[in-house]
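Notes follow the structure.
Counting starts at 1 for both ligands and their atoms, in listed order. Since this is a predicted model, take the numbers as computed values, not measurements.
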Amino acid sequence: ATHHPNLELRPLGNTGLKLSCVGFGASPLGSVFGTVSEEEAVASVRAAFRLGINFFDTSPYYGGTVSEKMLGKGLKALGAPRGEYIVSTKCGRYKDEGFDFSAERVTRSIDESLARLQLDYVDILHCHDIEFGSLDQIVSETIPALQKLKEAGKTRFIGITGLPLEIFTYVLDRVPPGSIDVILSYCHFGINDSTLVDLLPYLKSKGVGVISASPLAMGLLTENGPPEWHPASPELKACLSACQAAATYCKDKGKNISKLAMQYSLTNKDISSVLVGMNSVRQVEQNVAAATELATFGQDHETLSEVEAILSPVKNQTWPSGIQRS
Ligand code: NAD
């Protein structure tokens, strides 16, 4: 596989890692957005690497371990030196077991993940969706356990992920400086919700790297619309129909809502990588093209402002996630 230099690389906090601005979200390889064959999964990973994507994100939760296994096969098929790609996986959330952020479980988790990924180490190990656990346990038990895994060389860096933005400041304010290298936020830096921007100065001041996932709002900003399980489906009907209206508006104009949305998310350079879920070579090509066209021609401001107007009644609407705290 020859590496394509076209895609911009961006530094990730204080880690020294340089992530491609488009990151490969491997949850779709667990067939969570429709069935994906092993052949297509491997071909998608290969196409991504060939086109300059060096960052791949998965979790044992996605497809109940299927995503990790598929990504492992794809990475192996690259035949590339291990230092040429960056892999993150997660711990604490499982399809069959639910949530378990205990030191014992996360310590076992990394070995299971490494076996499925066929790797000796991952670059980043995230605590997955911490709002579903006790944040105080994350601070006092999970992060110290992950620190030991870092010392043992099983992960190079440590991260936390989740939906509500308050969880990041809560935890980062309470752990020793430098013990959390990265945060992964999702659905908060896209055309319909850009609230992550308010947190960026704080994260920068702490030297914490920022990964932003779900630029397409987990399918809301696509022509096909979101999957059944999308959390906005029952609760945010107005959001759903506004996004559908925006997608149709773009299509009628000969434009593509997903390209516009990718480009919007890529414009903020304090975000090191925009993780987009992909399950086909075609989607990989489209999302890389969105980035290279943005670098060459800039954002399509006219269409963007029209779409922003359509989405303005639902701007920054989100949904509850995790254990409800008073
Ligand atoms: P997303 O917004 O990236 O949307 C993915 C959907 O859009 C899939 O159905 C995909 O097939 C489709 N798609 C991708 N490119 C397209 C294109 N060019 N045109 C039309 N459709 C396209 O949502 P996501 O996959 O949930 O998020 C991206 C990744 O970020 C995940 O795979 C995962 O790795 C990560 N993530 C992590 C967390 C967490 O840690 N809590 C949460 C969400 C996402």
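- The part of S258 lying near ligand 1 is the side chain, judged by heavy-atom distances below 4.0 Å.
- Side chains of N256 and E223 form a contact here, defined as non-hydrogen atoms less than 4.5 Å apart.
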Salt bridge (Lys or Arg N to Asp or Glu O under 4.0 Å) for E84 and R82? Distances and angles first, verdict last. CA-CA 5 Å; E84 285 190 16; R82 177 64 184 87; over 6 Å; no
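- Within the 4.5 Å cutoff, the side chain of V307 has no heavy atoms near those of the K255 side chain.
- Among all protein heavy atoms, the one lying closest to atom 29 (C) of ligand 1 is G25 CA, 3.7 Å.
- Under 4.0 Å from ligand 1, the heavy atoms of Q286 that appear belong solely to its side chain.
- Counting heavy atoms closer than 4.0 Å to ligand 1, residue A26 contributes backbone atoms (N, CA, C, O) but none from C-beta onward.
- Contacts with ligand 1 closer than 4.0 Å are made by heavy atoms of both the backbone and the side chain of V276.
- Shown in contact with M218 at under 4.0 Å from a heavy atom are these atoms of ligand 1, numbered in order with element: 1 (P), 2 (O), 4 (O), 23 (O), 26 (O).
- The option with the heavy atom closest to atom 36 (N) of ligand 1, from among Y62, Y186, F24, is Y62.
- Short contacts between ligand 1 and G219, defined as distances under 4.0 Å to a heavy atom of the residue, involve ligand atoms 4 (O).
- At least one N or O atom of A217, backbone or side chain, sits closer than 3.5 Å to an N or O atom of ligand 1.
- The ligand atoms of ligand 1 that sit less than 4.0 angstrom from a heavy atom of S27 are 25 (O), 31 (C), 32 (O).
- Between the side chain of E131 and the backbone N or O of L163, at least one donor-acceptor pair lies under 3.5 Å.
- Aromatic pair F49/F24: centroids not less than 6.0 angstrom apart.
- Aromatic rings from H128 and Y62 are positioned such that their centres are separated by under 6.0 Å.
- Contact annotation: for L163 versus ligand 1, there are no heavy atoms closer than 4.0 Å.
- Of the residues S27, S273, S88, the one that meets the side chain to side chain donor-acceptor pair (under 3.5 Å) test with D57 is S88.
- Only the side chain of K90 comes within 4.0 Å of ligand 1, counting heavy atoms alone; its backbone N, CA, C and O stay farther away.
- At a 4.0 Å heavy-atom cut-off, ligand 1 does not touch T58 at all.
- For ligand 1, the atoms closer than 4.0 angstrom to any heavy atom of A213 are 30 (O), 35 (C), 36 (N), 44 (C).
- At a heavy-atom cutoff of 4.0 Å, ligand 1 is contacted by the side chain of T222 but not by its backbone.
- For ligand 1, the atoms sitting less than 4.0 Å from at least one non-hydrogen atom of S214 are 1 (P), 2 (O), 3 (O), 23 (O), 24 (P), 26 (O), 27 (O), 28 (C), 43 (C), 44 (C), numbered in the order shown with element in parentheses.
- For the side-chain contact (heavy atoms from CB on, under 4.5 Å) with H126, the lone residue among V182, I183, I180 that qualifies is V182.
- Scanning all protein heavy atoms for the shortest distance to atom 11 (O) of ligand 1 gives Q283 OE1, 2.8 Å.
- Put simply, the side chain of T155 gets close to the backbone of L125: a donor and an acceptor are under 3.5 Å apart.
- Within 6.0 Å of CZ on R174 lie more than 12 heavy atoms contributed by other residues, nucleotides or ligands.
- Side chain of S312 to main chain of A309: a donor-acceptor pair is present (N/O by atom type, distance under 3.5 Å, no hydrogens or angles).
- By the criterion of a heavy-atom distance under 4.0 Å, the side chain of H128, and not its backbone, is placed next to ligand 1.
- Side chain of S214 to backbone of A217: no donor-acceptor contact under 3.5 angstrom is found.
- Less than 4.0 angstrom separates some heavy atom of P28 from each of these atoms of ligand 1: 32 (O).
- Among all non-hydrogen protein atoms, the one lying nearest atom 7 (O) of ligand 1 is L216 CD1, 3.6 Å.
- Of the heavy atoms in D57, both backbone and side-chain atoms come closer than 4.0 Å to ligand 1.
- Listed by atom number, the atoms of ligand 1 under 4.0 Å from N279 heavy atoms are 11 (O).
- Taking any N or O of N256, backbone or side chain, none lies under 3.5 Å from an N or O belonging to ligand 1.
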